[in-house]
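Hydrogens, waters and symmetry mates are skipped; everything else that's a heavy atom, side chains included, is used.
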Amino acid sequence: MGITYVRVKGIIKRDDKYLLIKRWVDDRIPDPFVWEFIDTEVNHGEAPDDAVLRAIHEQLSIDGKIEKIEYTWSNIIADTHCIGIAYICSIDEEDEHNIILSEDYGEYEWVTRDQFETYIENQFVLQDLKGKIL
């Protein structure tokens with residue numbers, strides 16, 4: 001029998017820029033960090049909206065706001081099925097100066113949509129973003 005779980009992605013947008021964070025993945029490889037949006041698994045019994053706001057708070061130490069659901073996705077690898085919801089979120093401008101990254105994250109940067117392919121290596125994420133208005 002397979003496993004199904006839900007992930008949420010928080011795409012934080014301000015004007016024409018998007019917040020990416022650099023997450024540590026493995027110190028045994030030459031470049032142990034990857035750039036990504038806020039991302040987390042939804043806990044059992046937790047609403048997806050609550051999960052994305054929790055992730056923003058846990059990963060950035062500030063509060064976020066949900067603006068809208070942008071898209072959903074679904075991936076199946078072997079017997080594991082991941083269903084995802086991507087939210088467009090915002091943070092208060094004054095809170096940007098109060099960001100404190102959790103220990104798994106090295107830095108953050110505001111980038112334009114044209115820069116996504118320079119930063120984001122995950123081809124599934126890049127494919128999901130194609131054609132989206134954001």
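Nearest heavy atoms, Arg54 versus Glu41: NH2-O, 3.0 Å. When all heavy atoms of Asp63 and Asp95 are compared, the pair lying nearest together is O-OD2, 4.2 Å. For Cys89 against Gly10, the heavy-atom pair with the smallest separation is SG-CA, 4.2 Å. Across every non-hydrogen atom of Trp73 and Ile85, the tightest pair is CZ3-N, 3.4 Å. Residues Thr40 and Ala51 share a closest heavy-atom pair of CG2-O, 3.7 Å.
Taking a 6.0 Å sphere around CD of Glu107, one finds it holds more than 12 heavy atoms contributed by other residues, nucleotides or ligands. With a 6.0 Å radius and a threshold of 12 heavy atoms from other residues, nucleotides or ligands, His97 has its NE2 atom above the threshold.
Under the 4.5 Å side-chain heavy-atom criterion for grouping Ile, Leu, Val, Met, Phe, Trp and Tyr, Val111 is not connected to Ile21 through any hydrophobic cluster. Linking ILVMFWY residues whenever their side-chain heavy atoms come closer than 4.5 Å, directly or via other members, places Val6 and Leu53 in the same cluster. Criterion: ILVMFWY side-chain heavy atoms under 4.5 Å apart, direct or through other members. Under it, Ile88 and Ile69 are not part of a common hydrophobic cluster.
Note that the OH atom of Tyr18 and the CD1 atom of Ile120 stand 11.0 Å from one another [nearest 0.5 Å]. Between the OG atom in Ser90 and the CD1 atom in Ile11 there is a gap of 13.0 Å [rounded to 0.5 Å]. Of the inter-residue distances, the one linking Ile62 atom CD1 with Glu94 atom CD reads 10.0 Å to the nearest 0.5 angstrom. Expressed to the nearest 0.5 Å, how far CD1 of Ile91 lies from NE2 of His57 amounts to 13.0 Å.
Looking at Ile12 and Leu60, their side chains come closer than 4.5 Å, going by heavy atoms from C-beta outward. Counting heavy atoms from C-beta on, the side chains of Asp128 and Tyr71 come closer than 4.5 Å. Looking only at side-chain heavy atoms (C-beta outward), Ile83 and Tyr5 stay at 4.5 Å or farther from each other. Two residues are said to be in side-chain contact when any heavy atoms from C-beta on lie closer than 4.5 Å; Ile3 and His81 fail this criterion. Residues Tyr108 and Leu101 meet the side-chain proximity criterion, which asks for heavy atoms closer than 4.5 Å.
Using a 3.5 Å distance cut-off with no hydrogens or angles, the side chains of Gln59 and Ser102 do not pair a donor with an acceptor. In summary, the side chains of Thr112 and Gln115 do present a donor paired with an acceptor at a separation below 3.5 Å, with no hydrogens or angles considered. Between the side chains of Glu109 and Trp35, no donor N or O sits under 3.5 Å from an acceptor N or O.
Comment: Glu67 does not engage Lys65 in a salt bridge, judged by the lack of any side-chain N to carboxylate O separation of less than 4.0 angstrom. Electrostatic pairing of Glu36 and Lys22 does not count as a salt bridge here, judged by no charged N lying under 4.0 Å from a carboxylate O. With respect to Arg7 and Asp39, a salt bridge is recorded, a charged nitrogen being found less than 4.0 Å from a carboxylate O.
Tyr105 has its ring centre no less than 6.0 Å from the ring centre of Phe33. Proximity of the aromatic rings of Phe37 and Tyr119 is defined here by a centroid distance below 6.0 angstrom, and this criterion is not met.
Distance alone, capped at 3.5 Å, places no donor-acceptor pair between the Glu58 side chain and the Ile56 backbone. Side-chain N or O atoms of Glu46 include one that pairs as donor or acceptor with a backbone N or O of Asn43 at under 3.5 Å. Although no hydrogens or angles enter the test, the distance criterion places a donor-acceptor pair under 3.5 Å between the side chain of Arg113 and the main chain of Leu129. Side chain of Asp15 to backbone of Lys17: no donor-acceptor contact under 3.5 angstrom is found.
The side-chain tip of Lys13 does not point at the ring of Trp110 from less than 6.0 angstrom away and within 45° of straight on.
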Checking Asp49 against Tyr87 for the side-chain contact (heavy atoms from CB on, under 4.5 Å) test, could you report, in this order, the C-alpha distance in whole Å, the side-chain angles of both residues, the deciding distance, and whether it holds?
CA-CA 9 Å; Asp49 290 7; Tyr87 293 84; 2.6 Å; yes

